[in-house]
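Structure record follows, encoded as structure tokens.
Basis for what follows: all heavy atoms, side chains included, without hydrogens, waters or symmetry-related copies. Order of the sequence lines fixes the chain letters, A, B, ..., with proteins taken first and strands second; residue numbering starts at 1 for each chain.
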There are 2 protein chains.
Amino acid sequence: MGRVKLQIKRIENNTNRQVTFSKRRNGLIKKAYELSILCDIDIALIMFSPSGRLSHFSGRKRIEDVLARYVNLPENDRGG
Amino acid sequence: MGRVKLQIKRIENNTNRQVTFSKRRNGLIKKAYELSILCDIDIALIMFSPSGRLSHFSGRKRIEDVLARYVNLPENDRGG
DNA sequence: GCCTCTATTTATAAGCT
DNA sequence: TAGCTTATAAATAGAGG
């Protein structure tokens, strides 16, 4: 989406990479939020920005609880 | 996106909820993938489907490594 | 469940402030 | 450098197989 088609490869310009991160992070969190509501599911999203700062989202449960649900799965079920 | 505007609230029809989950899960993972490449970041996405099955994605690192990076943050930095 | 189609909504790349 | 605009790319709701 946007004025031009974007190739999916690393954005080399630092400023541009940070700007794109901010915009797409917001979009991704919005989508994760919508999915959690529409489908009534547990979800956890963890991201580290290009400068190393944490961003995260989780729905109805605390993120630690979702991670625990993942970690506590039998190892065979963690394939995805 | 779609033929009609969708209200963001729980989809009550079971079949429909599962179908929407499948479609949007794919979209969300694609977006997470693109973000990880474009901005060269660590990302982890964990979802449990309406029927309780796990879906997950992580970029260049194993998901366990991203979770560890999160868990090992000083507690004050986990605000997001 | 999983794919295809397509009208329509939504996200967003650049540009601008 | 974060927010606003807008033309355009992309996702997807619903229907059908």
Any idea which of D:dA13, C:dG1, C:dT10 is nearest the B:S22 side chain?
C:dG1
Nearest-nucleotide 5' precedence on DNA chain C, B:Q18 against B:L38
B:Q18
Whole-Å distance, B:N13 CG to C:dG1 P, equals 12 Å
Quickly work out the B:L6 CG to D:dT12 P distance and round it to whole Å.
11 Å
Side chain of A:R3, base of D:dT6: donor and acceptor closer than 3.5 Å?
yes
What's the CD1-C1' distance between B:I11 and D:dG14, to the nearest Å?
12 Å
Which residue, A:G2 or B:E34, contacts DNA chain D at a nucleotide closer to its 5' end, judged by nearest heavy atom?
A:G2
B:S49 versus B:F21, closest heavy-atom pair with distance
CB-CE2, 3.4 Å
What contact category does B:K5 fall into here, base, sugar-phosphate, or nothing, at under 4.0 angstrom with non-hydrogen atoms?
sugar-phosphate
Please determine if A:R53 forms a cation-pi arrangement with A:F48, meaning its NZ or CZ atom is less than 6.0 Å from the six-membered ring centre and no more than 45° off the ring axis.
no
Nearest-angstrom distance from the residue atom NZ of A:K30 to C1' of C:dT10:
7 Å
In terms of side-chain geometry, is the basic nitrogen of A:D42 or A:R60 positioned less than 4.0 Å from the acidic oxygen of its partner?
yes
When rounded to whole Å, the CG to C1' distance for the pair A:N26 and C:dA13 reads 15 Å
Using whole Å, what does the distance between atom C1' of nucleotide D:dG3 and atom CZ of A:R25 come to?
14 Å
Between C1' of D:dA15 and CG of B:N16, the distance in whole Å:
11 Å
Kindly indicate whether the side chain of B:K23 and the base of D:dG14 share any N or O donor-acceptor pair separated by less than 3.5 Å?
yes
Given atom CG of A:L35 and atom P of C:dA11, what is their separation to the nearest angstrom?
13 Å
Contact check, side chains of B:L38 and A:I8, non-hydrogen atoms, under 4.5 Å:
yes
Does any part of the side chain of B:M47, heavy atoms only, come nearer than 4.5 Å to the side chain of B:R25, both counted from C-beta?
yes
Can you tell me if the side-chain N/O atoms of B:R24 get under 4.0 Å from OP1 or OP2 in D:dA13?
yes
